[in-house]
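First, the structure itself, so that you have it in front of you.
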Amino acid sequence: MNKHRYSIKKYLKMIAASLMIFLSLGALTACSSQTSNNLARAKKDNQIIWGVRPDTKLFGLTNIKTGKIEGFEIDLATAITKQVLGKKGKAVFRPITEKTRITLLHNSSLDAVISTMTITKERMKVVDFSDVYFAANESMIVKKTSKIRTVADLNHKGVVVIAIKGTDVPNQVAKLAPKASVKQFDDYGSAFNALKAGQGDVMIDDDGILAGLIADSPQFTLTKASLAQEPYGIGVEKGQDDLRQAINKALKSLRANGTYDKLIRKWFGKVSGFDVKEAESQNVKIQ
């Protein structure tokens, strides 16, 4: 009987010891996962995985002939990759949307996101940002024959502002030009087509995005009006300070060696009303 009890006690001790080992290994694995270094992984694999927009002309748009995404952000991400990893470093691009970009960062599908993402205090709670790489302003596009050039010009009965659903434009118009009305659309293509069809007098959004819309429509121009600053930053997962600092160092080098200015001129230099020097400015306020 005593011998049987001894065997049970010994068996229970073995189970307890095994459980402790299992829990310890689990804790180590979790710790390893939480402290994984994306920059170290990128250097080991010789590639940085970028989340990019495939539907935003001038910033990132899929070329239907080649199937490749092209634009300012693609070229800039490629240049940053070379700065961080060396000339043989590879930039891998994965298409994302506004709804998926932060989730894909969190689940480690991406190393960084460069997708016209405005740096805001709210977003800074869930992701870390690089320094500003594009100092966008919320601006307006109109037909060149239009008399509307300033926010004050909007404040007249009968003026119709076109905007994208989900933006803060309706609130801004209500505050700054209460006599105007707002028509909202689901996407940029529908909104711009409505403007071209005369369903509105002006369209309001980030100047960089608006520049893409009018790049092949010479009858339209950007105005100098600025409703708000929209500084774009590269998003990385919280705690990935090594990667964020490496990206910032690369951005600084690209500005210093003239590469950044070259890319700005390449993609935005011929857009009517676009202020290249203002786009290069770092004097921005985080909303």
Checklist entry - Does the side chain of Thr103 come under 3.5 Å of the side chain of Thr100 through a donor N or O and an acceptor N or O? => result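 No - no donor-acceptor pair under 3.5 Å links their side chains.
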Next on the checklist: Tell me whether the count of non-hydrogen atoms from other residues, nucleotides or ligands lying under 6.0 Å of NZ in Lys144 goes above 12.
Outcome noted: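 Yes, enclosed.
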Next on the checklist: Can you confirm whether the side chains of Tyr133 and Glu73 place a donor and an acceptor under 3.5 Å from each other?
Outcome noted: yes
Checklist entry - Do Asp153 and Lys147 meet the salt-bridge criterion of a basic N to acidic O distance under 4.0 Å? => result no
Checklist entry - Rounded to the nearest 0.5 Å, how far apart are OG1 of Thr221 and CZ of Phe274? => result 12.0 Å
Item to check | Co-membership, hydrophobic cluster, residues Met203 and Val160, 4.5 Å side-chain | outcome: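 Unlinked, Met203 and Val160 end up in two clusters.
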Checklist entry - With ILVMFWY side chains joined below 4.5 Å, transitively, what does Val173's cluster contain besides itself? => result Met140, Val142, Ile148, Val151, Leu154, Val159, Val161, Val169, Leu176, Val182, Val202, Ile204, Leu227
Checklist entry - Restricting to pairs with a member in residues 175-215, which pass ring-ring contact (aromatic ring centres under 6.0 Å, His included), not counting sequence neighbours? => result Phe192-Phe220
Determine all donor-acceptor pairs shorter than 3.5 Å in which one atom belongs to a side chain in residues 54-61; sequence neighbours excluded.
| residue | atom | partner | partner atom | Å |
| --- | --- | --- | --- | --- |
| Asp55 | OD1 | Arg53 | NE | 2.9 |
| Asp55 | OD1 | Arg53 | NH2 | 3.3 |
| Asp55 | OD2 | Arg53 | NH2 | 3.4 |
| Lys57 | NZ | Asp216 | OD2 | 2.1 |

Item to check | Ile209 CD1 to Glu230 CD distance, which is reported to the nearest 0.5 Å | outcome: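 If I round to the nearest 0.5 Å, the distance is 9.0 Å.
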Checklist entry - Which residue pairs pass the ring-ring contact (aromatic ring centres under 6.0 Å, His included) test with at least one member in residues 106-132, sequence neighbours excluded? => result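 Residue pairs with at least one partner in residues 106-132: there are none.
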Next on the checklist: I need the His156 NE2 to Lys179 NZ distance, nearest 0.5 Å.
Outcome noted: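 Atom-to-atom, His156:NE2 and Lys179:NZ are 7.5 Å apart.
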Item to check | Any residue meeting side-chain contact (heavy atoms from CB on, under 4.5 Å) with Thr66, in chain and number order, not counting sequence neighbours | outcome: Asn63, Lys68, Glu70
Checklist entry - Got a second to check how far Ile49's CD1 is from Gln47's CD, nearest 0.5 Å? => result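 Answer for the CD1-CD pair, Ile49 versus Gln47, is 5.0 Å.
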Checklist entry - For residues Asn137 and Ser226, is any side-chain donor paired with an opposing acceptor at under 3.5 Å? => result yes
Under 3.5 Å, side-chain donor or acceptor atoms of residues 242-249 against the rest of the protein: list the pairs with distances, not counting sequence neighbours.
| residue | atom | partner | partner atom | Å |
| --- | --- | --- | --- | --- |
| Asp242 | OD2 | Asn37 | ND2 | 2.7 |
| Asn248 | OD1 | Asp131 | N | 2.7 |

